[in-house]
Amino acid sequence: MVSNLLGAAADGPVVADFSHDTWWIWVIKAVAILVFMLLSVLVAIWFERRVVARMQLRPGPNVHGPFGLLQSLADAMKLLFKEDITVKAADRVVYLVAPLIAVFCSLLTFAVIPMGPAVSMFGIQTPLQLTDFPVAVLYILACTSVGVYGIVLGGWSSGSTYPLLGSVRSTAQVISYELAMGLSLVSVFLMAGSMSTSQIVDSQTKIWWFLPLAPAFAIYVISMVGETNRLPFDLPEAEGELVSGYMTEYSSMKFAWFFLAEYINMFNVSAVATTLFLGGWRAPWPISTLGDGMFNTGWWPLAWFVVKLWALIFFFVWVRGTLLRFRYDQFMKLGWKVLIPVSLGWLVCVAVVQGLRQFTSVNLTTILGVLGGAVAVALLASLLIPEQKATARRRAAPQVIDPFAAGYPVPPLPGQVLPPSPRALRAMADVTAAAAAEPDPGPASPQVTQEVPRG
């Protein structure tokens, strides 16, 4: 049974048919996607503030409109009419183009996201998807990668130290977490047999890929939070360290473009997770079995897609209201030493299982048992080896470093300590001098104790 479920993609998935589309259908779809994204951002800002307020036992926005629904609109109008300041030290052209790059690339992803099956739109049968092609997921990754240039160029062109540090952090963040994200998606390609988004959704007719590919789904969820610069991975705009990071020197609508791109990217990565792991627009079980699959036809699937999308947006808000920001070394260690090795190991396991299933007659239960044993051994080794390293590190004497050796302060790494401060040196000298000035009391005389009888 498990073999049949995992082999659902081998039955020949149905590709979305765009042959009946006309130019005005394309325009309607494109405008609908644009309006959907902009309205979703306004609702997401209100939603996030209300949910975080509930977590912190405070009311949140509740003045403008019913339940404060017009607060996001009021904030957008405020940004629109604020004074637009351009820094003199900035590279003017790049400074203006950077936020446009960020928001333009964020609007491209939904073009290949299937939001439903074929429906009748003004008498024309067309899928609820703008377009699709065999490498649609690679197109999504490319748009995500290019969009980061907006952040990097925005920080570099501002002519200030803190934005530059934020842009450098963003570069390291994208390199670290996009590798893990891409590796987690390759296992979906192996199971679905395609990189087309519509075919991947069709391959999840019997089982959603987040169940058999649970490790890949967990890695993707962690990576998508890092890709969108959200807590606990908001190092490029850490207001406690870098004022506002790469956005420090931006105001008015230029700041609003960066703000808009961040929230649109939240919807982008959530839509990709919905499409590749959560069945796309398909209804959840047992609703999908009711009425001979009527809830997977017509306009109903659009509702299931939106529900899954907002469930992941709630996850973003939940994480922001729960976790603290990582230190930069913790952040890089998680990406390079945990997520990428685990992604590679899981990808090898999936490739071996798929190869054995297709080219040999080995029982799937035997394969899963062997792989489970290998994973258990690897986990045991990963628990023991770091403990041995930590014990050896504790035994070794810490290295005293000069933090100003390179001309600017450098924080100590693990196993390093800073030299005592001048105040601590004076305090130690005073204690030593006081101890030397005290007279020697001589040998202590023995004390005789007399036991007192009871009663």
Side-chain angles (χ1 to χ4, degrees), residues 9-10 12-18 26 29-30 33 37 101-115 127-152 170-171 173-204 208-210 213 215-217 219-228 261 264-281 305 309 312 335 339-340 342-344 346-348 350-351 354:
V14 179
V15 187
D17 183 13
F18 299 95
W26 300 335
K29 289 182 180 181
I33 290 175
M37 297 304 298
I101 294 175
V103 73
F104 178 76
C105 293
S106 66
L107 292 171
L108 296 176
T109 299
F110 256 77
V112 295
I113 298 296
M115 303 175 69
L128 289 177
Q129 184 179 3
L130 183 58
T131 187
D132 193 15
F133 39 91
V135 290
V137 181
L138 294 185
Y139 160 82
I140 294 174
L141 293 176
C143 293
T144 305
S145 302
V146 175
V148 180
Y149 278 93
I151 296 176
V152 174
S170 178
T171 306
Q173 183 164 332
V174 170
I175 294 174
S176 305
Y177 283 79
E178 193 146 323
L179 285 172
M181 176 183 287
L183 290 172
S184 68
L185 299 182
V186 175
S187 58
V188 178
F189 305 156
L190 291 175
M191 300 299 292
S194 174
M195 288 186 286
S196 166
T197 51
S198 60
Q199 291 187 8
I200 292 174
V201 171
D202 190 79
S203 68
Q204 301 177 73
W208 295 356
W209 291 134
F210 86 95
L213 303 177
F217 179 63
I219 293 170
Y220 178 84
V221 168
I222 297 173
S223 300
M224 77 178 187
V225 179
E227 279 290 298
T228 51
I264 291 178
N265 284 328
M266 287 172 54
F267 284 93
N268 289 339
V269 294
S270 300
V272 172
T274 300
T275 302
L276 271 62
F277 292 101
L278 301 179
W281 45 260
F305 178 85
L309 191 69
L312 291 170
L339 295 182
I340 293 178
V342 172
S343 301
L344 282 171
W346 175 251
L347 177 58
V348 171
V350 174
Q354 284 293 87

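Only this structure's heavy atoms are used, side chains among them; waters, hydrogens and symmetry mates stay out. Keep in mind it's a predicted model, so treat the numbers as computed, not measured.
Annotation: side-chain contact (heavy atoms from CB on, under 4.5 Å) contacts of Ala180 (sequence neighbours excluded): Ile219, Ser223, Leu339, Ile340, Ser343. Checked against side-chain contact (heavy atoms from CB on, under 4.5 Å), Ile33 has the following partners two or more places apart in sequence or in another chain: Met37, Phe110, Leu130. Residues satisfying the side chain to side chain donor-acceptor pair (under 3.5 Å) criterion with Thr197, sequence neighbours excluded, are Gln129, Asp132.
The number of heavy-atom neighbours closer than 6.0 Å to CZ of Phe189, taken from other residues, nucleotides and ligands shown, is above 12. The number of heavy-atom neighbours closer than 6.0 Å to OH of Tyr149, taken from other residues, nucleotides and ligands shown, is 12 or below.
The CG atom of Asn268 sits 9.0 Å away from the CG atom of Leu108 when rounded to the nearest 0.5 Å. In this structure, Leu128 CG and Lys29 NZ are separated by 7.0 Å, a value rounded to the nearest 0.5 Å. Note that the OG atom of Ser196 and the OH atom of Tyr139 stand 13.5 Å from one another [nearest 0.5 Å]. Put simply, CE on Met224 and CE on Met181 are 8.0 Å apart, with the number rounded to the nearest 0.5 Å. Atoms CG and CG, on Leu185 and Leu190 in that order, are 11.5 Å from each other to the nearest 0.5 Å.
Between Val152 and Val174 the shortest side-chain heavy-atom distance does not fall below 4.5 Å. For the pair Pro215/Val342, no side-chain contact is recorded, criterion being any heavy-atom separation below 4.5 Å from C-beta on. Counting only heavy atoms from C-beta outward, the side chains of Ile113 and Phe305 approach each other to under 4.5 Å. Between Leu278 and Leu312 there is a side-chain heavy-atom pair separated by less than 4.5 Å. For the pair Val148 and Gln173, the minimum side-chain heavy-atom distance is 4.5 Å or more. With a 4.5 Å cut-off on side-chain heavy atoms, Thr275 and Val137 do not count as touching. Within the 4.5 Å cutoff, side-chain heavy atoms of Trp346 are placed close to those of Leu213.
Listed for the Tyr177 side chain is no donor-acceptor partner under 3.5 Å among the backbone atoms of Ile222. No donor-acceptor pair closer than 3.5 Å links the side chain of Asp202 to the backbone N or O of Ser198. At distances below 3.5 Å, at least one donor-acceptor pair connects side-chain atoms of Ser106 with backbone N or O atoms of Val103. When atom types are taken as modelled, the side chain of Gln199 and the backbone of Ser194 share no donor-acceptor pair closer than 3.5 angstrom. Checking side-chain atoms of Glu178 against main-chain N and O of Glu227 turns up no donor-acceptor pair under 3.5 Å.
The minimum heavy-atom distance between Ile200 and Leu276, with the atom names listed, is CG2-CA, 3.9 Å. Heavy atoms only, all atoms of each residue included: Pro114 and Val201 are closest at CG-CG2, 3.7 Å. The minimum heavy-atom distance linking Ser187 with Ala216 is given by the pair OG-CB, 3.4 Å. For Leu309 against Ala271, the heavy-atom pair with the smallest separation is CD1-N, 3.4 Å. Here the shortest heavy-atom pairing between Ser170 and Ile151 reads OG-CG2, 3.4 Å.
Paired with Met195 under the rule side chain to side chain contact (heavy atoms under 4.5 Å, CB included), one option of Ile140, Val188, Leu138 passes, and it is Leu138. The ring pair (Phe, Tyr, Trp, His ring centres under 6.0 Å) test with Phe277 singles out one residue from Phe210, Phe217, Trp208, and that residue is Phe217.
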Trp209 vs Ser203, test: side chain to side chain donor-acceptor pair (under 3.5 Å). Steps then yes/no. CA-CA 9 Å; Trp209 291 134; Ser203 68; 3.0 Å; yes
**Request:** Show the numbers, then the answer: is there a side-chain contact (heavy atoms from CB on, under 4.5 Å) between Tyr220 and Val272?
**Result:** CA-CA 10 Å; Tyr220 178 84; Val272 172; 3.2 Å; yes
